[in-house]
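Start at 1 and go down the list; that is how both ligands and their atoms are numbered.
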Amino acid sequence: MRIDVITIFPDYLNPLREALLGKAIERDRIAVGVHDLRDWTHDVHRAVDDSPYGGGPGMVMKPQVWGEALDAVCGTGEAPMPRLVVPTPAGRPFDQRTAIRWSAEPWLIFACGRYEGIDQRVIDDAATRMPVEEVSIGDYVLVGGEVAALVMIEAVARLLPGVLGNPLSAEQDSFSDGLLEGPCYTRPEVWRGHAVPDVLRSGNHAAIDRWRRDQALARTYRRRPDLLAALPEGDLDKADRAQ
Ligand code: ADE
């Protein structure tokens with residue numbers, strides 16, 4: 001997969017080169033390009049923003065600069081185009097389903113806005129040439145799209161073949177069965193007086209699976225009842241319902 005990011009703070013994306021993602025880049029599972037939006041300005045101040053039409057606080061990112069940047073990074077429509085992701089608190093919610101869907105794409109590009117946002121015509125114009133999604137990572141407001149892009153890129157990249165050491169980790173994620181994952185434990189058996197639950201040391205794998213499922217159900221009920229309510233009826237077995 002190829003991932004491009006356009007931002008006025010390229011260094012904000014440096015964590016992409018670390019740890020799991022860094023290894024995926026080294027191993028050619030992902031190719032990442034980070035581009036400085038100011039490279040497409042033409043004035044001495046390298047301005048990327050201007051005051052909003054209609055008045056109000058803050059600044060809006062200029063369409064000309066973004067238009068040229070997107071043309072340069074994506075091309076203008078002849079060759080295959082990427083899926084353009086615009087992180088914004090006004091977007092549709094990003095979730096694991098979105099991450100799974102995007103993990104099948106050959107090319108994603110993230111347009112990171114700052115200030116009050118990007119002139120809407122940039123997004124509308126891009127949408128005439130490529131799929132575009134305005135996406136939020138949660139109901140809070142960050143100072144720009146960079147951290148949101150990092151979050152989404154990490155969620156997508158760990159789903160790609162050969163990126164996670166153990167592919168079962170992604171299959172057993174929280175959300176993969178619509179539930180939160182329950183607690184996990186490692187050695188020692190007793191730590192500061194707290195013991196690991198007996199069943200996990202029993203060697204009885206059917207009992208362990210049942211216990212894990214019950215823990216996941218109980219945790220989801222307490223913390224995210226909205227997820228339980230959204231589960232399709234057929235996803236709960238008889239023992240689940242007894243919980
Ligand atoms: N930019 C600012 N806040 C954001 C959010 N919650 N999600 C995505 N992009 C953002």
Subject >> Ionic contact status for D119 with R121, cut-off 4.0 Å >> reply: yes
Contacts under 3.5 angstrom, residues 99-118 side chains, donor-acceptor by atom type, not counting sequence neighbours:
unit_1 : atom_1 : unit_2 : atom_2 : d
R101   : NH1    : E133   : OE2    : 2.9
R101   : NH2    : E133   : OE1    : 2.9
W102   : NE1    : E133   : OE2    : 3.0
S103   : OG     : I100   : O      : 2.7
E105   : OE2    : R83    : NE     : 2.8
E105   : OE2    : R83    : NH2    : 3.2
W107   : NE1    : D4     : OD2    : 2.8
R114   : NE     : E146   : OE1    : 3.0
R114   : NH2    : E146   : OE1    : 2.9

Original post:
Who are the side chain to side chain donor-acceptor pair (under 3.5 Å) partners of E189, not counting sequence neighbours?
Top reply: R201
Original post:
Which residues satisfy the side chain to side chain contact (heavy atoms under 4.5 Å, CB included) test with D71, sequence neighbours excluded?
Top reply: T76, R129
Original post:
Are D209 and R213 ion-paired here, with the side-chain N under 4.0 Å from a carboxylate O?
Top reply: no
Original post:
Is the shortest distance from a Lys or Arg side-chain nitrogen in R38 or D36 to a carboxylate oxygen in the other one below 4.0 Å?
Top reply: no
Subject >> Pocket residues of ligand 1, ordered first by chain and then by residue number (heavy-atom cut-off under 4.0 Å) >> reply: P87, T88, P89, V135, S136, I137, G138, Y140, V141, L142, G144, A148
